[in-house]
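Reviewing the structure listed below.
These values consider heavy atoms only, across backbone and side chains, with no hydrogens, waters or symmetry-generated copies.
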Amino acid sequence: MSAFFSRIFGGGDSSDGPIRFADPQTVMGWLRDGSAVVVDVREPHEHAAGHIPGAVLVPLSSFDPARVPAVPGKELVFHCQAGRRCGPAAEKMLAAGYQGTIHRLSGGFAAWRAAGGAVE
């Protein structure tokens, strides 16, 4: 395992590095109790067609870590459509110096909808 991959994902199971995965049910719970900030890294037309209530749009195509509302004490969750684009966004966030944990929504917005998550 490369040193970079190890730093990003920890010991290889992605449960102890700064980038982790969270299933839709976990993120739903965090949103219910107000303990998460959700960042949608899809494009504006995708976000406009339907998004997680309260999600902040910061598209990967123009991703700027300074636009991510990282709130101390809250879980930071990135999501995209199927779970691929949030990885590069999370890596850019870490490269910009973010020190916390970033959760990638497992399966993305498609999994969110399939799990019965609220959509605006």
Quiz item: For the hydrophobic clusters of this structure (ILVMFWY residues joined by side-chain heavy atoms under 4.5 Å, transitively), does one cluster hold both V27 and F21?
Solution: no

Quiz prompt | Donor-acceptor pair, side chain of K92 and main chain of F63, under 3.5 angstrom | solution = no

Quiz item: How close do E43 and L60 get, heavy atom to heavy atom, and via which atoms?
Solution: OE2-N, 4.1 Å

Practice problem: Would you indicate whether E120, at its atom CD, is surrounded by more than 12 heavy atoms from other residues, nucleotides or ligands within a distance under 6.0 Å? | Solution: yes

Self-check item: Test item: side-chain donor near acceptor, H47 and D40, under 3.5 Å
Solution: yes

Quiz item: Taking the side chain from W112 and the backbone from A118, do they hold a donor-acceptor pair closer than 3.5 Å?
Solution: yes

Quiz item: Can you name the nearest heavy-atom pair linking V37 to P69, along with the distance?
Solution: CG1-O, 3.4 Å

Self-check item: Shortest non-hydrogen contact between A36 and W30, atoms and distance
Solution: CB-CB, 3.5 Å

Exercise. Under the side chain to side chain contact (heavy atoms under 4.5 Å, CB included) rule, what do L57 and H51 come out as? Steps first, then yes or no, please.
Key: CA-CA 9 Å; L57 179 63; H51 58 272; over 6 Å; no

Exercise. Quick one: do L76 and V68 satisfy side chain to side chain contact (heavy atoms under 4.5 Å, CB included)? Show the steps, please.
Key: CA-CA 9 Å; L76 180 58; V68 174; 3.9 Å; yes

Self-check item: In one Ile/Leu/Val/Met/Phe/Trp/Tyr side-chain cluster, 4.5 Å: V71, L94
Solution: yes

Exercise. Quick one: closest heavy-atom pair of C86 and C80, and the distance?
Key: N-SG, 3.5 Å

Quiz prompt | Contact check, side chains of V39 and H79, non-hydrogen atoms, under 4.5 Å | solution = no

Self-check item: For P65 against M93, the heavy-atom pair lying closest together
Solution: CB-SD, 3.7 Å

Quiz item: Is the backbone of I102 close enough, under 3.5 Å, to the side chain of R20 for a donor and an acceptor to pair up by distance?
Solution: no

Self-check item: With V41, the side-chain contact (heavy atoms from CB on, under 4.5 Å) member among R84, E46, R85
Solution: R85

Practice problem: State, to 0.1 Å, how close H103 and A22 come at their nearest heavy-atom pair, and which atoms those are. | Solution: CB-CB, 4.1 Å

Quiz item: In this structure, are over 12 heavy atoms from other groups packed under 6.0 Å from R67 atom CZ?
Solution: yes

Practice problem: May I have the step-by-step check of side chain to side chain contact (heavy atoms under 4.5 Å, CB included) for V38 and L105, ending in yes or no? | Solution: CA-CA 9 Å; V38 177; L105 177 61; over 6 Å; no

Exercise. Check the hydrophobic clustering (I, L, V, M, F, W, Y; side-chain heavy atoms under 4.5 Å; chains of links allowed) and say if V77 and F109 are grouped together.
Key: yes

Quiz prompt | Side-chain heavy-atom pair R113, V119 within 4.5 angstrom cut-off | solution = yes

Exercise. Measure the OG1-CD1 distance between T101 and I19 for me, rounded to the nearest 0.5 Å.
Key: 10.0 Å

